Amino acid sequence: MTFCEYRPGLEGIPATQSSISFVDGQNGILEYRGITIEDLAQHSTFLETSYLLIWGGLPTEEELAEFEHEIRYHRRLKYRIRDMMKCFPESGHPMDALQACAAALGLFYSRRALDNPIYIRDAVVRLLAKIPTIVAAFQLMRKGNDPIQPRDDLDYAANFLYMLTEREPDPLAARIFDICLLLHAEHTINASTFSAMVTASTLTDPYGVIASAVGTLAGPLHGGANEEVIMMLEEIGSVDNVEPYLESCLQRKSKIMGFGHRVYKVKDPRAIILQNLAEQLFEKFGRDEYYDIALALEKAVSDRLGHKGIYPNVDFFSGLVYRKLGIPTDLFTPVFAIARTAGWLAHWKEQLGENRIFRPTQIYTGARNAPYVSLEKRHSAHDESLLNFVTS
Ligand code: CMC
């Protein structure tokens, strides 16, 4: 088979066959294993949904209880991981800390038995259990405090908020955070999932797979956008400044964070649910000062860019929810990673089921048969490109 058309960003090119999730970008539909995201947000929990994504069907009561029990049991970190984290600079980004720790887990659980279902199950449990503990531990350690131990009597979401804030969360806050995790758990072949699949296809260990996905999620065009949305709302500062801000972005051709999606051409269904969750939180704990700016920006962007299918994506309202839950801005993307670990693991497992190493081709655009110029006769191509950069 020959396929020669080059599509930047592989837009529209199927990279795999998958039965994990389905997106209809024109009609704003997202389903996990055939179940709509709205149904799951209403009735399920993050761990039940993770089970559904990874093992392909909803668990029985007994299966779910066992899965939850295993995850509770594996939440703690080895003291040597915590010692390693003590050496991290407190000014480092928590996504870098998370990526390093995810990879380091592979040092401690190094047996690689990808054809053994028990190994697969253990890796799934360990990663889902420990990633939140790593994120919370880094947050406390960078403030100069010891991390606090997970609490076995708390559910997954409540325990994370407890480890982060050192306070047992309000039940509504914990339930809303759990739904946020569920909403971010999976989203077909996005950049980080693709990265996980490429890494998985080499048959490396699952900790390396998750570390590579975390590195990919960190960028501002992907998971990093939720953090940038809050910085943008901060910069806009008032409802009156929304129009001038938008105008200046459009003139500079710069992207408005939290808007637009490669697949959705309508408002992201997750953004609709997240906005509703934000309003529930505001009702109980007070309105966020940035919410009116966000609403005005949504209206202005829809008026100006709606014809291109540019509407709020998942990252637009998630930051407002996380702020209300007391999560610091630079932890928004690590929180996304906690959730997306479920989807990455589901794709890792699916990839192993029918593996072929990823090895795409390229269209070569460089020189051929170029002469080797001796050192004393060379002009610096680097200096010229630097000069162009400085003067442009
Ligand atoms: N603000 C202004 N214009 C936009 C935006 C935006 N946020 N997004 C797309 N456009 C315009 C873009 O300028 C282009 O216009 P034209 O055709 O006139 O040149 C058109 O829409 C298509 O844009 P694109 O960049 O070719 O679209 P893409 O599919 O490559 O990019 C995207 C998708 C998500 C990277 C992009 O919309 C973007 O950069 N958004 C801002 C960052 C963001 O919120 N990222 C989170 C994505 S959702 C969660 C996730 O995947 O992590």
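Each ligand, and each atom within it, is numbered from 1 in the order the structure gives. Excluded from the calculations below are hydrogen atoms, water molecules and symmetry mates; all remaining heavy atoms, backbone and side chain alike, are included. Predicted, not measured: the structure shown is a model, and the values here were computed from it.
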Quick test of your reading of the model: are Asp155 and Arg72 salt-bridged, counting only N-O distances below 4.0 Å?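 A salt bridge is present here (some side-chain N lies under 4.0 Å from a carboxylate O).
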Using a strict cut-off of less than 4.0 Å between a Lys/Arg side-chain nitrogen and an Asp/Glu carboxylate oxygen, indicate whether Arg82 and Asp146 qualify as a salt bridge.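 Asp146 and Arg82: not salt-bridged.
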Solution key, residues 176-183 side-chain donor-acceptor pairs under 3.5 Å, sequence neighbours excluded:
from, atom 1, to, atom 2, distance (Å)
Asp178, OD2, Phe46, N, 2.9

Determine whether more than 12 heavy atoms belonging to other residues, nucleotides or ligands lie under 6.0 Å from atom CZ of Arg252.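 Enclosed: over 12 neighbouring heavy atoms sit under 6.0 Å from CZ of Arg252.
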Which residues pass the side chain to side chain donor-acceptor pair (under 3.5 Å) test with His347, not counting sequence neighbours?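 For His347 the side chain to side chain donor-acceptor pair (under 3.5 Å) partners, ignoring immediate neighbours, are Glu186.
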Scan residues 307-319 for pairs that pass side-chain hydrogen bond (donor to acceptor under 3.5 Å, both in side chains), counting only residues two or more places apart or in two chains.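 Matches after skipping sequence neighbours: none remain.
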Give me the pairs of N or O atoms, one from ligand 1 and one from the protein, that sit under 3.5 Å apart.
from, atom 1, to, atom 2, distance (Å)
ligand 1, 1 (N), Ile256, N, 2.9
ligand 1, 7 (N), Ile256, N, 3.4
ligand 1, 7 (N), Ile256, O, 2.7
ligand 1, 7 (N), Phe259, O, 2.8
ligand 1, 15 (O), Lys308, NZ, 3.2
ligand 1, 18 (O), Lys308, NZ, 2.8
ligand 1, 25 (O), Lys255, NZ, 2.7
ligand 1, 29 (O), Arg262, NE, 2.6
ligand 1, 30 (O), Arg262, NH2, 3.0
ligand 1, 40 (N), Phe259, O, 2.9
ligand 1, 44 (O), Gly258, N, 2.8
ligand 1, 44 (O), Asn313, ND2, 2.9
ligand 1, 45 (N), Leu221, O, 3.2
ligand 1, 51 (O), His222, ND1, 3.2
ligand 1, 52 (O), His222, O, 3.2
ligand 1, 52 (O), His222, ND1, 2.6

